[in-house]
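Computed over heavy atoms, backbone and side chain alike; hydrogens, waters and symmetry mates excluded. Nothing here was measured: the structure is a model prediction, and the numbers come from that model.
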Amino acid sequence: MKIALSYAMTGEIASILPPDARPIESAAGVPFYAIDTDIIACCGGIGKVNAAMAAQLCIDRYHPDLILNAGVAGSFQDLSIGTVVLAESFLQHDVDTSPIGDPVGLVSTVNRMEFPTSRLDLAKSILDRMAVPYVTGRVASGDAFMVKGERADWVARTFSPTLCEMEGCAVAQVCLRNGVGFMALKSVSDRLCMENSPGEYFNFGEAMERLNQIVLPFAQALRDAR
């Protein structure tokens, strides 16, 4: 199985790359890196359009069997900073065509609200073999950096997600339309359900380094799965 790792920010991808890493190519501003045999990685940029463009470029150029999205996310549940979350599904909280009778969150063309991830049982079995503590849950994506407040409260009430971030569902939608598998591993960066305690705001570099220590062996296990 050929695996592509999808990141948003350079700070997220940095700790999975060798110190002297150079892209094998850049396309439309998206750098692609060779990580291991049949494992590549790209850094698409922040937000849904950037993520979707990078995912389509990746599929067209490298033909992965599965894209694994990795990064940080805010939590609507009382999860400790750094908790690893294996996504069960994604939705887009900022899609709203309700004035013409659609449910809030319905994505036109594919006509669905929920984008499930692929081969969840396989992902769980790999994490269990790796002895990685994790939780599972739904993730809400949207083009807004979410902070505690009215908007976050509305997303929590309307969609009941575990996490909120800015790219994952865009990648999931592109994968769906291309018939490519999709998974996501996220690390909790902040808690949208409560005031963060003093000193509890995450260390971004440390959080991503810990997550990437999981991502690469996880991706290797996926690649080798039969």
Please report the C-alpha distance between Val171 and Cys175 in whole Å, then the side-chain angles of each, then the deciding distance to 0.1 Å, and finally whether the side-chain contact (heavy atoms from CB on, under 4.5 Å) criterion is met. CA-CA 6 Å; Val171 182; Cys175 286; 4.2 Å; yes

Apply side-chain contact (heavy atoms from CB on, under 4.5 Å) to residues Arg177 and Gln56 and explain how you reach the verdict. CA-CA 10 Å; Arg177 295 191 65 176; Gln56 191 64 59; over 6 Å; no

Evaluate Phe76 against Val155 for side-chain contact (heavy atoms from CB on, under 4.5 Å), listing each step before the verdict. CA-CA 9 Å; Phe76 287 107; Val155 172; 3.8 Å; yes

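Side-chain contact check for Asp224 and Gln220: no donor-acceptor pair (N or O, by modelled atom type) lies under 3.5 Å.
From Ser15, atom OG reaches atom CZ of Arg210 across 11.0 Å, with rounding to the nearest 0.5 Å. How far CD of Glu114 is from CZ of Phe90: 10.5 Å, rounded to the nearest 0.5 Å. A distance of 11.0 Å separates SG of Cys169 from CZ of Arg138, quoted to the nearest 0.5 Å. Atom CD of Glu167 is separated from atom CE of Met9 by 7.0 Å, given to the nearest 0.5 angstrom. Rounded to the nearest 0.5 Å, atoms CG (Leu192) and CD (Gln77) are 11.5 Å apart. The line from SG of Cys58 to CD1 of Ile67 is 4.5 Å long, rounded to the nearest 0.5 Å.
Side-chain contact between Ile13 and Asn212 is absent, with no heavy-atom pair separated by less than 4.5 Å. Taking 4.5 Å as the limit, some side-chain heavy atom of Leu86 sits within range of a side-chain heavy atom of Leu185.
A 6.0 Å sphere centred on CG of Leu216 holds more than 12 heavy atoms belonging to other residues, nucleotides or ligands.
With hydrogens and angles ignored, the 3.5 Å screen pairs a side-chain donor or acceptor of Asn69 with a backbone N or O of Ser6. Between the side chain of Asp96 and the backbone N or O of Val104, no donor-acceptor pair lies under 3.5 Å. A donor-acceptor pair under 3.5 Å links the side-chain atoms of Ser118 to the main chain of Phe182, judged by distance alone. Looking at Asp94, its side chain does come within 3.5 Å of a backbone N or O of Asp143 through a donor-acceptor pair. No donor-acceptor pair under 3.5 Å is formed between the side chain of Glu25 and the backbone N or O of Phe32. The backbone N or O of Met183 lies less than 3.5 Å from no partner atom in the side chain of Arg119, so there is not a single donor-acceptor pair. Formation of a donor-acceptor pair under 3.5 Å by the Thr117 side chain with backbone atoms of Ala87 is found in this model.
Pairing each heavy atom of Arg112 with each of Leu176, the nearest pair is NE-CD2, 3.6 Å. Across all non-hydrogen atoms, the minimal contact from Leu68 to Ala219 is CD2-CB, 4.5 Å. In terms of heavy atoms, Phe218 sits closest to Ala123 at CE1-O, 3.6 Å. Scanning both residues, Leu211 and Gly71, for their nearest heavy atoms gives CD2-O, 3.6 Å. Nearest heavy atom pair, residue Val107 against residue Val95, reads CA-CG1, 4.4 Å. Scanning all heavy atoms of the two residues, the minimum distance from Arg223 to Asp36 falls at NH1-OD2, 3.3 Å.
Between Lys2 and the options Leu66, Ile39, Leu222, Asp65, a side-chain contact (heavy atoms from CB on, under 4.5 Å) holds for only Asp65. Each of Lys48, Glu165, Gln92 was scored for a side chain to side chain donor-acceptor pair (under 3.5 Å) with Ser141, with one residue passing: Glu165.
A single hydrophobic cluster is seen to contain both Ile24 and Val30, as judged by linkage of ILVMFWY side chains at heavy-atom distances under 4.5 Å, directly or through other members. Side-chain heavy atoms closer than 4.5 Å link hydrophobic residues (I, L, V, M, F, W, Y) into clusters, and following such links, possibly through other members, connects Val72 to Val132. No single ILVMFWY cluster, assembled from side-chain heavy atoms under 4.5 Å apart, contains both Tyr7 and Leu57. Tracing side-chain contacts under 4.5 Å through hydrophobic residues (I, L, V, M, F, W, Y), one reaches Ile3 starting from Ile214; they form part of the same cluster. No path of Ile, Leu, Val, Met, Phe, Trp and Tyr side chains, each step under 4.5 Å between heavy atoms, connects Ile40 with Leu5, placing them in separate hydrophobic clusters.
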